[in-house]
Asker: 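This is the structure, below, for whatever I ask next.
The residues of the chain are indexed from 1 along the displayed sequence. The structure displayed is predicted, hence computed values, not measured ones. Note that ligands are numbered from 1 as they come in the structure, with each ligand's atoms numbered from 1 the same way.
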Amino acid sequence: MNFFAEMVSYLQSNYQNYKVAIITNDTILSLYAEPFYRLLKSAKIAAELFSFPPGEQYKNRHTKEMIEDQMFFKAFGKDSVVVAMGGGVVTDIAGYVAATFCRGVPLVMIPTSLLAMVDASIGGKNGVDTPSGKNLIGTIYQPQKIIIDPKFLKSLPVAEFKNGIVEMIKHGAVLDADYFGFMEKNVENILRQDQKVVEQAIQESVRIKTAVVKEDEREKAKRHLLNFGHTYAHAMETLSNYSMGHGEAVAQGMLVESYMGMLLGKFPQSDFERLKKIVADYAIPLYFPNGIDAKKIQACMVYDKKALKNTPRFVLLKTIGEAYDFQGRYCEYIDESIITKAIQWMQDDLCCN
Ligand code: GLY
């Protein structure tokens with residue numbers, strides 16, 4: 001890949017005399033990280049590989065600690081640069097390591113999944129999951145560079161590709177009606193990974209997210225919009241012990257949270273139907289794991305980072321492409337009975353078990 005050669009010359013020009021810590025997972029290791037490591041070595045750049053098993057289950061404090069200890073063991077210090085090569089779990093862990101290792105070292109992101117390209121690598125959020133919930137510990141720490149090459153998507157499993165599609169749909173649903181329309185029109189092109197269309201979709205998605213992050217990097221208000229569907233999704237992922245993919249959970253979350261809006265008379269049914277249709281068109285599987293119910297989901301939602309006084313708050317859509325601005329707040333409390341009703345609708349009417 002030419003792309004790797006460009007990366008080598010970027011590191012040579014910007015991080016001369018640094019040691020490069022390539023953080024990846026065991027799948028990406030042999031596919032891309034080892035070839036990249038060998039190229040760095042042949043360019044006489046000091047580098048080491050740090051890898052952990054794939055899967056959200058490994059996005060935890062233990063994995064972070066293990067990588068940090070291995071880095072110290074291999075004599076990494078303040079003169080290190082972290083290269084995150086992988087999907088969202090890798091970019092979150094590696095970002096968090098970079099943010100705190102020796103109180104912060106430079107970070108370069110090479111996202112290899114669609115979700116990491118359009119969401120996880122953009123905007124500086126990093127973190128780990130805890131038994132109480134997803135992404136509860138972490139920082140906001142911006143990478144020096146993010147390099148996106150859609151060629152990585154060739155090796156991505158379809159289910160992972162769809163996780164990214166859901167975040168792209170979310171960007172359109174909350175912030176850009178034209179982009180939502182583009183995603184509606186290009187279902188076939190995107191699913192068969194037409195290179196031009198996928199590239200355009202990625203570029204637009206990155207543009208939409210970047211604009212919000214620039215306005216509210218520290219997530220004081222507007223950045224909450226990017227959390228549409230996520231109050232429900234994070235609870236579902238936690239309760240399912242991450243057997244549910246992030247995209248599947250967010251797809252349900254967007255539908256549940258907009259169903260609440262519809263019950264409140266705040267979101268038109270026609271727009272709600274468009275959301276339902278796009279999720280079906282992209283064939284995002286909707287299933288409700290056994291042993292989970294509305295009560296458990298609501299109990300878990302109190303740990304959401306938007307919650308105040310242990311009460312969850314939700315992003316509410318006004319129309320496709322626009323969310324409510326409640327006098328500078330972009331998420332709102334919703335009556336418990338409405339939340340229960342919407343979750344039950346998802347469980348009983350939309351999901352197959
Ligand atoms: N994924 C949501 C955000 O970066 O704010």
Side-chain angles (χ1 to χ4, degrees), residues 56 59 84 86-96 98-99 107 109 111-129 133-143 146 148 160 162-176 179-180 183 201-238 242 244-254 257-258 301 303-307 312-317 323-325 328-331:
E56 188 74 30
K59 203 178 96 178
V89 172
V90 167
T91 58
D92 271 19
I93 286 270
Y96 193 19
L107 168 67
M109 297 279 203
T112 59
S113 73
L114 185 60
L115 184 130
M117 289 176 192
V118 298
D119 190 18
S121 71
I122 313 286
K125 274 192 189 173
N126 58 55
V128 292
D129 307 330
K134 191 172 152 112
N135 295 342
L136 293 185
I137 309 280
T139 74
I140 294 179
Y141 185 74
Q142 297 301 341
I146 305 162
I148 296 174
E160 295 281 337
K162 289 191 180 179
N163 281 333
I165 289 176
V166 174
E167 293 290 357
M168 293 154 102
I169 294 171
K170 177 201 75 181
H171 287 152
V174 189
L175 288 146
D176 194 320
Y179 183 64
F180 190 90
M183 291 299 289
I202 294 172
Q203 267 169 10
E204 285 296 295
S205 206
V206 169
R207 175 189 61 75
I208 293 167
K209 175 158 184 183
T210 307
V212 176
V213 173
K214 277 192 177 151
E215 228 181 285
D216 177 24
E217 186 197 12
R218 310 310 295 177
E219 199 169 16
K220 300 248 185 289
K222 196 157 189 189
R223 190 165 177 172
H224 282 146
L225 290 180
L226 299 173
N227 242 257
F228 171 54
H230 283 58
T231 313
Y232 172 92
H234 283 169
M236 271 307 239
E237 288 179 81
T238 305
Y242 301 102
M244 188 177 256
H246 183 61
E248 293 162 12
V250 173
Q252 282 191 28
M254 291 194 293
E257 295 179 18
S258 53
M301 280 172 173
Y303 294 103
D304 184 78
K305 291 189 296 311
K306 297 180 299 305
R313 295 186 299 164
F314 300 85
V315 175
L316 283 179
L317 295 190
Y324 281 95
D325 169 353
R329 285 176 292 107
Y330 293 88
C331 50

Asker: Which residue holds the protein heavy atom closest to atom 1 (N) of ligand 1, what is that atom called, and what is the gap in Å?
Answerer: Asp119 OD1, 3.1 Å
Asker: Do you see a donor-acceptor pair shorter than 3.5 Å between the side chains of His246 and Glu167?
Answerer: yes
Asker: Testing the 3.5 Å rule here: is there a donor-acceptor pair between the side chains of Tyr232 and Gln252?
Answerer: yes
Asker: Among all protein non-hydrogen atoms, which one is nearest to atom 5 (O) of ligand 1, and what is the separation to 0.1 Å?
Answerer: Arg223 NE, 2.8 Å
Asker: Restricting to side chain to side chain contact (heavy atoms under 4.5 Å, CB included), what partner residues turn up for Pro143, sequence neighbours left out?
Answerer: Leu107, Met109, Ile146
Asker: Quick one: does Tyr303's side chain get under 4.5 Å of His234's, heavy atoms only?
Answerer: no
Asker: Less than 4.5 Å apart, any side-chain heavy atom of Val166 and any of Met254?
Answerer: yes
Asker: What do you reckon, does Lys125 have a nitrogen or oxygen under 3.5 Å from a nitrogen or oxygen of ligand 1?
Answerer: yes
Asker: Test of understanding: given a 4.0 Å heavy-atom threshold, classify the contact between Lys209 and ligand 1 as side chain, backbone, both, or neither.
Answerer: side chain
Asker: Looking at Leu226, which atoms of ligand 1 are within less than 4.0 Å of one of its heavy atoms?
Answerer: 2 (C), 3 (C), 5 (O)
